[in-house]
Asks: 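First, the structure itself, so that you have it in front of you.
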Amino acid sequence: LAQSIESMYKAQGGSSSWNQLSDRPGVVAGTPYLPSEIQPIDQKDWAAYTQINFASDGPLRFSGNLGVRWVSTHLNSSGAIGIGTAAALGISDPYSVRCAVSNRPFGPPSIPGGICTLGPQEYAALQAFADGTTVTETVKNSYNYFLPSLNLKFGLTDDVILRFAGSKVLTRPENGYIRDYFTAGLDTTGNLTATAGDPTLKPATAWQFDLTAEWYFSRVGSLTFDLFYKDVKNFFYQSVIDLPIENNGITIPDRKSVV
């Protein structure tokens, strides 16, 4: 329907730059996607768990369990990494056309800002830098963890119960963080920017401990005191860093990459 409306609009003399995604140059045959927009992830997880339960009815009543979980992950993250084309970055026109002197509502004629502030030499270098080359790669990552756990319950009296729990836990990074991709663009001042994934991320782990004391002072009432401690390692977050990127024999140092 959208294409039909577009054709009717053009037939009436209208001008529009709208195109279907599948009409873009370089798309994978039979799909509307560019190679750089496809990032398959193959992840296999294995796990095993063992647990021992114990209890005593002696003067100090207690029960609990001790266990350990083993987890193993093997990951293949694939993608087509590249800077993209000059057209994708909006710099396909020569500097003399894109940055031609134009009149302004106020003030003397001048060249536009943004990418044009780079000057003709850096603008040409950026055009040569964005040659559309992509490199297809698969990044492999694997890790193994042992995750112990201990739970204890002590009946100090008929009315007072003491509980303790300690364990190591694990959270894997979500797929959006481990996709193998690199997407480039330009900011409002003409600097090259990019966003990228990191398939080599390790999971976040934490040691957590919980100690509670429960006093049942009546059949329908109780009072509980709780102490909790958790130590987390390997948080997942995005950071903005400056990195030099080389492509087609040209290094662009003045831009930001978001990882």
Side-chain angles (χ1 to χ4, degrees), residues 38-79 137-183 195-241 243 257-259:
I38 302 175
Q39 302 105 27
I41 297 175
D42 179 27
Q43 178 174 314
K44 293 181 172 64
D45 300 316
W46 287 269
Y49 186 81
T50 184
Q51 177 178 300
I52 299 175
N53 299 317
F54 51 85
S56 172
D57 290 329
L60 179 61
R61 295 176 291 112
F62 70 88
S63 62
N65 58 69
L66 175 65
V68 62
R69 180 180 177 86
W70 169 78
V71 295
S72 178
T73 294
H74 297 265
L75 171 74
N76 293 328
S77 182
S78 304
E137 65 177 13
T138 297
V139 178
K140 299 180 181 294
N141 189 17
S142 62
Y143 45 83
N144 300 275
Y145 287 88
F146 286 96
L147 307 173
S149 66
L150 173 66
N151 294 281
L152 298 173
K153 174 185 174 182
F154 295 93
L156 302 182
T157 68
D158 292 340
D159 302 326
V160 178
I161 296 176
L162 187 66
R163 301 179 191 270
F164 171 81
S167 63
K168 185 177 182 180
V169 295
L170 173 149
T171 301
R172 296 179 178 88
E174 60 184 69
N175 285 352
Y177 291 151
I178 59 176
R179 290 185 297 126
D180 189 20
Y181 76 97
F182 181 92
T183 303
T195 58
D198 186 359
T200 65
L201 286 177
K202 297 298 184 181
T205 60
W207 281 100
Q208 54 189 24
F209 301 94
D210 191 41
L211 178 64
T212 62
E214 305 168 1
W215 175 34
Y216 296 88
F217 53 83
S218 70
R219 296 184 60 183
V220 293
S222 65
L223 185 62
T224 301
F225 299 91
D226 181 82
L227 293 176
F228 182 81
Y229 174 80
K230 191 169 189 176
D231 181 19
V232 182
K233 294 183 179 180
N234 297 336
F235 282 99
F236 308 125
Y237 62 94
Q238 288 189 329
S239 63
V240 180
I241 56 177
L243 289 174
S257 294
V258 179
V259 181

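Since the structure is predicted, the reported quantities are computational estimates derived from the model, not experimental observations.
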Asks: Quick one: does any side-chain atom of K202 pair with a main-chain N or O of S142 as donor and acceptor, under 3.5 Å?
Replies: yes
Asks: Measure the CZ-OH distance between R172 and Y143 for me, rounded to the nearest 0.5 Å.
Replies: 5.0 Å
Asks: Working to the nearest 0.5 angstrom, can you tell me the gap between D180 CG and L75 CG?
Replies: 10.0 Å
Asks: Do Y181 and S77 have side chains that approach each other closer than 4.5 Å (heavy atoms only, starting at C-beta)?
Replies: no
Asks: Any side-chain to backbone donor/acceptor pair from R61 onto T157? Under 3.5 Å, distance only.
Replies: yes
Asks: Is it true that, when you exclude D57 itself, more than 12 heavy atoms of the residues, nucleotides or ligands shown sit nearer than 6.0 Å to its CG?
Replies: no
Asks: Heavy-atom count check: over 12 atoms from other residues, nucleotides or ligands less than 6.0 Å from W215 CH2?
Replies: no
Asks: Return the minimal non-hydrogen interatomic distance between F236 and T171, and the atom names on each side.
Replies: CZ-O, 3.5 Å
Asks: Any side-chain heavy atom of P199 sitting closer than 4.5 Å to one from N141?
Replies: no
Asks: Which distance, rounded to the nearest 0.5 Å, do you find between the CG of L156 and the CD of E214?
Replies: 10.5 Å
Asks: Indicate the atoms forming the closest heavy-atom contact of P173 with P203, along with that distance.
Replies: CD-CA, 3.9 Å
Asks: Roughly how far, to the nearest 0.5 Å, is the CG atom of D42 from the OG atom of S78?
Replies: 8.0 Å
Asks: Side-chain donor-acceptor pair under 3.5 Å between Q208 and D210, yes or no?
Replies: no
Asks: Working to the nearest 0.5 Å, report the span between OG of S149 and CG of L66.
Replies: 7.0 Å
Asks: So for atom NZ, which belongs to K153, do other residues, nucleotides or ligands contribute more than 12 heavy atoms lying within a distance under 6.0 Å?
Replies: no
Asks: Is a side-chain donor-acceptor pair under 3.5 Å present for T212 with D226?
Replies: no
Asks: Could you walk me through whether K233 and D231 pass salt bridge (Lys or Arg N to Asp or Glu O under 4.0 Å), step by step?
Replies: CA-CA 7 Å; K233 294 183 179 180; D231 181 19; 5.0 Å; no
Asks: Please report the closest heavy-atom contact between F54 and N151, naming both atoms and the distance.
Replies: CZ-O, 4.4 Å
Asks: I would like to know whether L150 and F209 meet side chain to side chain contact (heavy atoms under 4.5 Å, CB included); could you show each step before the answer?
Replies: CA-CA 9 Å; L150 173 66; F209 301 94; over 6 Å; no
Asks: Starting at CG of L170, measure out to NZ of K168 and round the result to the nearest 0.5 Å.
Replies: 8.5 Å
Asks: Any chance you could lay out the side chain to side chain contact (heavy atoms under 4.5 Å, CB included) test for F62 and L152, step after step, and finish with the verdict?
Replies: CA-CA 7 Å; F62 70 88; L152 298 173; 5.6 Å; no
Asks: Say whether, by atom type as modelled, one donor and one acceptor occur between the side chain of N144 and the main chain of W70 under 3.5 angstrom.
Replies: no
Asks: At their closest point, which heavy atom of P148 faces which heavy atom of W207, and how far apart are they?
Replies: CG-CH2, 3.5 Å
Asks: Might you work through the side chain to side chain contact (heavy atoms under 4.5 Å, CB included) test for T50 and V68, ending with a clear yes or no?
Replies: CA-CA 6 Å; T50 184; V68 62; 3.6 Å; yes
